[in-house]
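Counting convention: from 1, in listed order, for ligands and their atoms alike. Just so it is clear, the model here is predicted, and its values are computed rather than measured.
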Amino acid sequence: MLPVEDARARALALATPLPPEWVRLEEALGRALGAELIAQRTLPPWDNSAMDGYAVRSADLTGPLPVRLAVGETIHAGSTPRIEVRPGTCARIMTGAPLPPGADAVVMQERTQPVQSPEGPSVEILEAVSASNFVRPRGEDARAGTPLLTQGTPLGIPELGLIIAQGMMTVPVPRRPRVAILSTGDELCRADEAPEGRIVDTNAPSLALAVMRAGGLPTLLGIARDTQEEVSARLADAQSFDVVISSAGVSVGEKDFVKAALQEQGVELNFWRVAIKPGKPLVVGRRGGTLYFGLPGNPTSSLVTFELFVRPVLRRLQGHVDVEPPRVPGRLDGELRKAPGLAHYIRVAASWRDGELWARPLATQTSGALRSAASATHLLHFPQESNSLAHGVNVALLPVSWTA
Ligand SMILES: Nc1nc2c(c(=O)[nH]1)N[C@H]1C(S)=C(S)[C@@H](COP(=O)(O)OP(=O)(O)OC[C@H]3O[C@@H](n4cnc5c(N)ncnc54)[C@H](O)[C@@H]3O)O[C@H]1N2
Ligand code: MOO
Ligand SMILES: [Mg+2]
């Protein structure tokens, strides 16, 4: 059985970003930039004022204060300066307006006293300022010809703003991975069918939601009965997808046909079985450009293996550099014990208390019960060879994507 770190690294190594498509900005939010963008425009286009006040020559303010300056013109945002600021003069300026030639600083109006005099408007400057004071320099946001955003940048709202400011209405992002989802099991029925002794297939709809939340495009292939022929036939229908996720039928039972069906379909198995709980019988493989994840059937096992193996791959296919959220430091609220040999991923509910994040293990940790995932906020990695974790120890918590 592979250690979980090796297995995760091997699964991730199978994924490379999908080719970019150009999408409108509202479809790009949350995705990764598919190619480096070079700025076409220098922004802001000119030095401009950060305050409502007066554009001055800082050299005029080195002597005793207050200094009286003649006001040459008033410059509003959107207007163009007409008069050069010369020694002994200044310009009234509004926030965002371009600085006039000759000026190198702005004094905010609260530090001035306007003066009416027969020679025309002037102002007394009450405070000296250094050059570039309250000046927003040209090119602070973008310089034409230089990189605006690098490939892989996560596109948040400010990043999309920088792109819009360049006059761009679409942006290149790796296309979303198309993901086929197959359930297997004679015991399964759909939620809208009369059970008649069967249980509802919860894995497929749950995994479809998890795929969507990870940015993928899920397609449900339905339920394959427990024969190699049927599982194999369903897998054959899925060859055009980027990723195929099946659940169940990967352990050592008499009807666990998924591995054999994958091999029958020409899938090269990269590994089977990982030293983790839940999720031990996971199988991962590839055939051409399609990646295959045979998740265990236990509902919580399928959710946890999705989090640890599939989500990072879906994020990498979408060009993300960070393929999962950073772990958050917390403290264990309770005591954990286990036999060495498997790394456990304990479902915990983390809550903020006395300035620290306390992680309380859910009462049930059985992988067959969805209840052991509901209300969980994070996964707590209980290392493979460790056999106990004491109350209060510092732990690294992986946020799960399945929360409300
Ligand atoms: N002798 C051994 N038995 C088992 C081992 C083992 O190492 N030795 N591994 C156990 C572990 S760990 C896991 S995890 C399970 C997973 O096995 P499978 O992937 O073969 O899953 P199934 O046996 O087909 O089903 C397990 C369980 O999950 C239910 N199930 C299946 N599909 C769905 C679905 N779509 N929605 C909801 N529930 C589903 C199924 O009814 C079973 O109860 O194997 C252990 N056994
Ligand atoms: O790996 Mo299983 O999910 O522990 O039951
Ligand atoms: Mg089984």
Side-chain angles (χ1 to χ4, degrees), residues 1-4 7-8 179-193 195-211 218-228 230-231 234-235 244-263 269 271-285 292-310 336 338-347 361-362 364-374 376 379-382 384 400 402:
M1 276 191 294
L2 272 181
V4 60
R8 277 166 39 96
V179 182
I181 298 173
L182 174 66
S183 288
T184 69
D186 294 332
E187 73 273 32
L188 303 178
C189 67
R190 286 198 322 271
D192 59 356
E193 289 176 310
E196 292 159 0
R198 297 172 297 175
I199 60 166
V200 171
D201 165 15
T202 53
N203 287 355
S206 304
L207 291 168
L209 291 171
V211 164
T219 298
L220 295 187
L221 297 186
I223 300 168
R225 295 302 157 210
D226 280 327
T227 66
Q228 182 166 335
E230 185 168 341
V231 175
R234 293 300 184 89
L235 292 175
V244 177
I245 303 174
S246 64
S247 70
V250 287
S251 194
V252 294
E254 291 174 1
K255 291 194 170 184
D256 292 344
F257 295 119
V258 168
K259 290 190 302 306
L262 288 170
Q263 289 173 309
L269 301 190
F271 62 84
W272 172 49
R273 299 212 293 184
V274 181
I276 56 172
K277 178 174 180 15
K280 183 176 65 176
L282 168 72
V283 61
V284 173
Y292 292 81
F293 292 88
L295 307 187
N298 286 328
T300 293
S301 311
S302 65
L303 285 180
V304 169
T305 46
F306 178 90
E307 292 294 305
L308 295 175
F309 294 91
V310 184
L336 292 172
K338 72 172 176 65
L342 295 179
H344 286 205
Y345 282 86
I346 304 294
R347 277 78 70 208
L362 296 193
T364 166
Q365 294 287 329
T366 60
S367 48
L370 268 175
R371 187 68 65 187
S372 79
L379 292 176
L380 189 166
H381 176 213
F382 191 172
Q384 179 174 328
V400 294
W402 67 57

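- Atoms CG and OG1, from Asn298 and Thr366 in turn, are 8.5 Å apart once rounded to the nearest 0.5 Å.
- Every atom of ligand 2 is numbered from 1 in the order shown, and the set under 4.0 Å from a heavy atom of Lys280 is 1 (O).
- Residue Ala373 comes nearest to Leu303 through the heavy atom pair CB-CD1, 4.1 Å, listed as atom of the first residue, atom of the second, then distance.
- Atoms of ligand 2 found under 4.0 Å from any heavy atom of Pro281, numbered from 1 in the order shown, are 1 (O).
- Heavy-atom contacts of Asn298 reach the following atoms of ligand 2: 5 (O) (cutoff under 4.0 Å).
- Both tests pass for Lys338 against the ring of Phe382: distance under 6.0 Å to the centre and angle within 45° of the axis.
- Rounding to the nearest 0.5 Å gives a distance of 8.0 Å between CG of Leu342 and NZ of Lys277.
- In plain terms, the two heavy atoms of Ser302 and Pro296 that are nearest each other are CB-O, 3.5 Å.
- Of the listed residues (Gly279, Ala248, Ala204), the one carrying the non-hydrogen atom nearest atom 32 (N) of ligand 1 is Ala248.
- Arg371 contributes no side-chain N or O that, together with a main-chain N or O of Gln365, makes up a donor-acceptor pair within less than 3.5 Å.
- Glu187 OE2, 2.7 Å is the protein heavy atom nearest to atom 41 (O) of ligand 1.
- Other residues, nucleotides and ligands contribute more than 12 heavy atoms inside 6.0 Å of the CZ atom of Arg198.
- With hydrogens left out, the protein atom closest to atom 7 (O) of ligand 1 is Lys280 NZ, 3.0 Å, a heavy atom.
- Counting only distance, with no hydrogens or angles, the side chain of Arg273 and the backbone of Val283 share no donor-acceptor pair below 3.5 Å.
- Taking both residues in full, the closest heavy atoms of Phe309 and Ile276 are given as CE1-CD1, 4.0 Å, listed atom of the first, atom of the second, then distance.
- Remark: minimum distance from atom 35 (N) of ligand 1 to any protein heavy atom is reached at Asp201 OD1, 2.8 Å.
- The Lys277 neighbourhood of ligand 2 comprises atoms 4 (O), with distances under 4.0 Å to a heavy atom of that residue.
- Under a 4.0 angstrom heavy-atom cut-off, Gly185 registers as lying outside contact with ligand 1.
- The part of Val200 lying near ligand 1 is the backbone, judged by heavy-atom distances below 4.0 Å.
- Across all their heavy atoms, Cys189 and Ile223 have their closest contact at C-CD1, 3.8 Å.
- The protein atom (non-hydrogen) at minimum distance from atom 1 (O) of ligand 2 is Gly279 N, 2.6 Å.
- Minimum heavy-atom separation, Val4 to Ala343: CG1-CB, 4.2 Å.
- Counting heavy atoms under 4.0 Å from ligand 1, residue Ser183 touches it through the side chain alone.
- Ligand 1 has a nitrogen or oxygen under 3.5 angstrom from a nitrogen or oxygen of Gly249.
- Scanning the protein heavy atoms around atom 5 (O) of ligand 2, the nearest turns out to be Ser367 OG, 2.6 Å.
- Atom numbering of ligand 1 starts at 1 in the shown order; those under 4.0 Å from a heavy atom of Asn203 are 32 (N), 33 (C), 34 (C), 35 (N), 36 (N), 37 (C), 39 (C).
- The proximity of Ser367 to ligand 1, defined as any non-hydrogen pair under 4.0 Å, does not occur for either the backbone or the side chain.
- Looking at Arg190 and Asp201, no side-chain N of the basic residue comes within less than 4.0 Å of a carboxylate O on the acidic one, giving no salt bridge.
- Arg347 and Ser372 share a side-chain donor-acceptor pair at under 3.5 Å.
- Residue contacts with ligand 1, taken as heavy atom pairs separated by less than 4.0 Å, involve Val252 solely via side-chain atoms from C-beta onward.
- The closest protein non-hydrogen atom to atom 13 (C) of ligand 1 is Asn298 ND2, 3.5 Å.
- The atoms of ligand 1 that sit less than 4.0 Å from any heavy atom of Pro281 are 12 (S), 13 (C), 14 (S), 16 (C).
- Residue contacts with ligand 1, taken as heavy atom pairs separated by less than 4.0 Å, involve Ile199 solely via side-chain atoms from C-beta onward.
- Looking at Leu282 and Trp272, their side chains never come closer than 4.5 Å, going by heavy atoms from C-beta outward.
- Taking CZ of Phe306 as the reference point, atom OG of Ser206 lies at 11.0 Å (rounded to 0.5 Å).
- In terms of protein heavy-atom proximity, atom 4 (C) of ligand 1 is closest to Ser251 OG, 3.5 Å.
- Contact annotation for Asp256 and ligand 1: only side-chain heavy atoms (C-beta onward) come within less than 4.0 Å of the ligand.
- For Leu188, no nitrogen or oxygen atom sits less than 3.5 Å from a nitrogen or oxygen atom of ligand 1, counting backbone and side chain alike.
- Comparing Gly297, Ser206, Pro296 by heavy-atom distance to atom 39 (C) of ligand 1, the nearest is Gly297.
- Among the atoms of Thr202, some N or O lies under 3.5 angstrom from an N or O of ligand 1.
- Contacts between Ser301 and ligand 1, counted as non-hydrogen atom pairs separated by less than 4.0 Å, involve the side chain only.
- Note that CD1 of Ile181 is 10.0 Å distant from CG of Asn203, once rounded to the nearest 0.5 Å.
- At a heavy-atom distance under 4.0 Å, no atom of Pro278 approaches ligand 1.
- The nearest protein atom to atom 3 (O) of ligand 2, hydrogens excluded, is given as Ser301 OG, 2.2 Å; this is a heavy-atom distance.
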